[in-house]
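Notes for the one structure printed next.
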Amino acid sequence: MSSLEADRGRGPGAAPEDPERLGLVLVICAPSGTGKSTLVRRLVEEFPRFAFSVSCTTRAPRGQERDGVDYHFLSKDDFLSMRDKGEFAEWAEVHGNYYGTPLAPLRKELDQGRDVLFDIDVQGAMQLKRSFSDGLYVFLLPPSRAELERRLRGRGTDAEEAIRRRLAGAAKEMHAATEFDHWIVNDDLDRAYEELRAVYLAGRSKPVFLPGLLRGILQSFEEEG
Ligand code: ADP
Ligand code: 5GP
């Protein structure tokens, strides 16, 4: 998902500008091939004001990846120094490389009322939940192993070895699903999207993200009453 570049402007589905609204953390995890990118793309098309958390990593850039856009590519020493200074909201070692979410830009986006989407693994998601417990932690499930395999093959981006590795990893990742707040089975794409949309809209209505709303409405009662 880090390659997905959201339109950061205001589109037809954008939320009204509300300086008193605080942004929310939206974490969506899924075994590779479940359909996360497809669903996230749809969500961002409808709600273009999402920000994407750009992670730091010690792995080398791949293909067209750009520093500061897909990831902040760091040396191991620099990564560990940031970690030791507490500059990550969460961090994890994945396939022998370090990955972490820088805290300062995340806080800035949230304070400005931007909802933030993440592409992090389940260990990272559970760490983030400890500090950002009002966020939305969604786990997408494939309907079955056979369907996941069909999608991985149908996507045509992975070699046979990678497909087998992803299928083996899927079962392990799904054990972590019990830690998440919402489960969505991606069988029918339209239905799964409606569920994701409903979870997101319900999450945004939590009073913690709308500190000035009630005060403003009550004030109108006093003025007009
Ligand atoms: P992920 O980001 O989770 O790895 P993708 O979004 O790349 O997964 O989806 C994997 C493949 O499955 C893609 O070819 C996509 O078009 C297809 N796909 C996604 N959701 C569904 C669905 N509900 N039914 C059938 N195919 C789907
Ligand atoms: P990749 O190297 O293929 O881009 O990512 C490998 C894995 O690392 C993916 O599962 C991705 O979700 C995860 N990942 C990417 N950034 C972060 C991060 O900041 N924190 C954590 N915990 N995982 C991350």
Side-chain angles (χ1 to χ4, degrees), residues 1-4 25-45 51-74 79 82-83 87-106 116-132 135 137-158 162-163 165-170 172-174 176-177 179-180 184-196:
M1 196 241 295
S2 45
S3 61
L4 217 175
V25 157
L26 174 56
V27 181
I28 305 174
C29 286
S32 179
T34 301
K36 185 173 84 172
S37 312
T38 308
L39 285 163
V40 165
R41 208 173 297 125
R42 227 158 137 164
L43 191 68
V44 172
E45 266 164 31
F52 285 90
S53 170
V54 179
S55 298
C56 296
T57 183
T58 59
R59 83 151 164 77
R62 286 196 297 243
Q64 303 292 306
E65 285 180 337
R66 282 178 294 161
D67 188 36
V69 177
D70 300 288
Y71 281 105
H72 299 287
F73 295 99
L74 300 183
F79 187 99
M82 279 182 73
R83 181 196 67 178
E87 292 178 12
F88 290 126
E90 61 74 36
W91 67 275
E93 196 176 342
V94 186
H95 312 313
N97 290 303
Y98 289 105
Y99 295 84
T101 301
L103 185 55
L106 171 59
V116 183
L117 257 164
F118 294 76
D119 183 353
I120 60 178
D121 79 329
V122 291
Q123 318 166 59
M126 292 306 100
Q127 274 183 61
L128 205 60
K129 200 175 172 196
R130 278 181 232 134
S131 336
F132 294 89
Y137 297 84
V138 179
F139 201 95
L140 294 178
L141 293 156
S144 65
R145 185 191 188 281
E147 176 59 17
L148 184 63
E149 185 168 354
R150 202 186 63 74
R151 287 185 197 169
L152 282 169
R153 291 191 193 288
R155 188 165 68 176
T157 54
D158 300 289
I163 290 177
R165 205 169 352 103
R166 292 191 195 285
L167 285 170
K172 264 193 232 147
E173 285 168 62
M174 277 187 279
E179 307 280 329
F180 284 68
I184 298 176
V185 179
N186 184 20
D187 41 13
D188 177 77
L189 186 65
D190 288 339
R191 210 219 70 260
Y193 180 68
E194 280 312 310
E195 278 184 35
L196 178 60

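For ligands, and for the atoms within them, numbers begin at 1 and follow the listed sequence. Start at 1 with the first residue, then count along the sequence. Heavy-atom basis, side chains included; hydrogens, waters and symmetry copies ignored.
Within the 4.0 Å heavy-atom shell around ligand 2 one does not find Q123. Ligand 2 is never approached by F88 to a heavy-atom distance shorter than 4.0 Å. By the 4.0 Å heavy-atom criterion, G154 is excluded from the residues contacting ligand 1.
Only the backbone of D187 comes within 4.0 Å of ligand 1, judged by heavy-atom distances. Contact annotation: for A30 versus ligand 1, there are no heavy atoms closer than 4.0 Å.
Taking any N or O of K36, backbone or side chain, at least one lies under 3.5 Å from an N or O belonging to ligand 1. Below 3.5 Å of separation, one finds an N or O of R62 facing an N or O of ligand 2. For ligand 2, the polar-atom distance check finds no N/O of H95 at less than 3.5 Å from any of the ligand's N/O atoms. When only interatomic distances are considered, the shortest N/O to N/O separation between G100 and ligand 2 falls below 3.5 Å.
When each atom of ligand 2 is checked for a heavy atom of G124 under 4.0 Å away, the hits are 22 (N).
By the salt bridge (Lys or Arg N to Asp or Glu O under 4.0 Å) test, R191 pairs with D187, E195, sequence neighbours left out.
In this structure, the side chain of R151 engages the main chain of T34 through a donor-acceptor pair within 3.5 Å. For the pair D158 (side chain) and I163 (backbone), a donor-acceptor distance under 3.5 Å is absent.
The protein non-hydrogen atom at the shortest distance from atom 26 (N) of ligand 1 is R151 NE, 3.5 Å.
Of the candidates G33, S37, C29, P31, the one placing a heavy atom closest to atom 2 (O) of ligand 1 is S37.
Sequence neighbours left out, the pairs with a member in residues 88-98 that pass side chain to side chain donor-acceptor pair (under 3.5 Å) are E90-T101.
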